[in-house]
2 protein chains.
Amino acid sequence: MNLSESVEMYLETIYFIQENHGHAHVIDIANMMNVSKASVSKTMNQLKEEGLVNKETYGHITLTDKGETISREIVKKHYSISRFLEKSLKLNPSEAAKNACKMEHIISDEMIKAIEMYLEEIDQLAGK
Amino acid sequence: MNLSESVEMYLETIYFIQENHGHAHVIDIANMMNVSKASVSKTMNQLKEEGLVNKETYGHITLTDKGETISREIVKKHYSISRFLEKSLKLNPSEAAKNACKMEHIISDEMIKAIEMYLEEIDQLAGK
DNA sequence: GCATTTTGTTAACTCAGGTTAACTTATTAA
DNA sequence: TTAATAAGTTAACCTGAGTTAACAAAATGC
């Protein structure tokens, strides 16, 4: 599964909206991502084709199991990177999040594993 | 000066070739970047327009002062990030470089400053 | 229950950054 | 010095990811 940065952002956004509202609307996604409704609508069809979201015409949007699994992974990466930047570089949370949001789409599996190990060690030292 | 990731990669590549050979050829850039000669040729015209490279038709390519200044900054970022990843995450040099090569185009000024501070501290501790 | 407003869709378009193919110009080696 | 090869250019094209504008469907509020 090699998804574009753009598709990853859509999935992540849907995930967050769904977490708070059970499902997402085209307009919510458009607002959160600062893109047009048209762009969202078009992308949703594509994601539906790929089995990542459920949606009928004019209906609301939810992630499929497959879509949710992938989204969870991205979100997890996001948090790990963010925490790593806060801890190692003392970035403040919003600066860390901003950078994590870009990095989550490009770093290697090996790097994300290394980040997870780094965080585990920190937690260990902090007495779990 | 807000350059695309693609343009930054071209500049960086020219910088490296120029370092070793005094100037670059379309074919060198194409080979190093794994793109077609046509793509390089087209991009060089654009960079020339923007005052970043010197080049006459069928002539070789060098960076202008402006182009070199920018390239140097990107290359410096690259090395800082690379070293940061090696030190903080114990990535091996090639893995670090691979990730740095993506990150150099996207991280914030604040983050790169934090990385530089991190590295200074390390150097300090190591007795300069 | 219907008019208004909001939301969603579609079509036609843009733009960056690639490609291939056909061609021209330079370089090289016999 | 010229034929063959390598390098560079140009035109026409493709794709992903966005846009605007016109329209259709749904939701809302009297």
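Side-chain atoms are counted along with the backbone in the values below, which use heavy atoms only and exclude waters and symmetry mates. Every chain is numbered from 1 and lettered A, B, ... according to where its sequence line falls, protein lines coming before strand lines. The structure displayed is predicted, hence computed values, not measured ones.
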**Request:** Say whether A/I115 and A/I122 are linked into one hydrophobic cluster, either directly or through other cluster members, by side-chain heavy-atom distances under 4.5 angstrom.
**Result:** yes
Please output the side-chain donor-acceptor pairs of residues 51-60 of chain B that fall under 3.5 Å, not counting sequence neighbours, one pair per line with the distance.
residue, atom, partner, partner atom, Å
B/N54, OD1, B/T62, OG1, 3.3
B/H60, ND1, B/H23, NE2, 3.4

**Item:** Partners meeting side chain to side chain contact (heavy atoms under 4.5 Å, CB included) with B/Q46 (sequence neighbours left out)
**Value:** B/V7, B/T43, B/E50
**Nucleotides bounding contact with chain A, strand DNA chain C, heavy-atom threshold 4.0 Å** = C/dT7 to C/dT10
**Message:** So, using side chain to side chain contact (heavy atoms under 4.5 Å, CB included) as the criterion, who are the partners of A/A38 when residues are at least two apart?
**Reply:** A/S36
**Asked** Once each nucleotide of nucleotides 23-29 of chain D is scored for protein heavy atoms under 4.0 Å, what B/S/- sequence comes out, 5' to 3'?
**Response** -BS----
**Request:** Spell out protein contact along nucleotides 13-20 of chain D as letters: B when the base is contacted, S when just the sugar-phosphate is, - when no protein heavy atom is under 4.0 Å; keep the 5' to 3' order.
**Result:** ----SBBB
**Asked** Taking atom P of D/dA7 as reference, at what distance in whole Å does atom CD1 of B/I17 sit?
**Response** 13 Å
**Prompt:** Do B/M103 and A/K102 have side-chain heavy atoms sitting under 4.5 Å apart?
**Reply:** no
**Message:** Run the side chain to side chain contact (heavy atoms under 4.5 Å, CB included) test against B/M33 and tell me which residues pass, sequence neighbours left out.
**Reply:** B/M9, B/Y10, B/T13, B/I29, B/V35
**Asked** Which pair of non-hydrogen atoms, one from B/S71 and one from B/L63, has the smallest distance, and what is that distance?
**Response** OG-CD1, 3.6 Å
**Message:** Using a 6.0 Å cut-off, check whether atom CG of A/N20 has over 12 heavy atoms from anything other than its own residue.
**Reply:** yes
**Request:** Identify, with sequence neighbours excluded, every residue that meets side chain to side chain donor-acceptor pair (under 3.5 Å) alongside A/E8.
**Result:** A/H105
**Prompt:** Who are the salt bridge (Lys or Arg N to Asp or Glu O under 4.0 Å) partners of B/E68, not counting sequence neighbours?
**Reply:** B/R72
Side-chain donor-acceptor contacts of residues 78-94 of chain B below 3.5 Å, not counting sequence neighbours, with atom names and distances?
residue, atom, partner, partner atom, Å
B/H78, ND1, B/E104, OE1, 2.6
B/S80, OG, B/K76, O, 3.1
B/S82, OG, B/A97, N, 3.4
B/R83, NH2, B/D123, OD1, 3.0
B/R83, NH2, B/D123, OD2, 3.0
B/S88, OG, B/F84, O, 2.7
B/K90, NZ, B/K87, O, 3.0
B/N92, OD1, B/S94, N, 3.1
B/N92, OD1, B/S94, OG, 3.4
B/N92, OD1, B/E95, N, 2.9

**Item:** Shortest non-hydrogen contact from A/A24 toward A/I14
**Value:** CB-CG2, 4.3 Å
**Item:** Helix axis bend for the helix from C/dG1-D/dC30 to C/dA30-D/dT1 - C1'-based end axes, five pairs, 10° rounding
**Value:** 20°
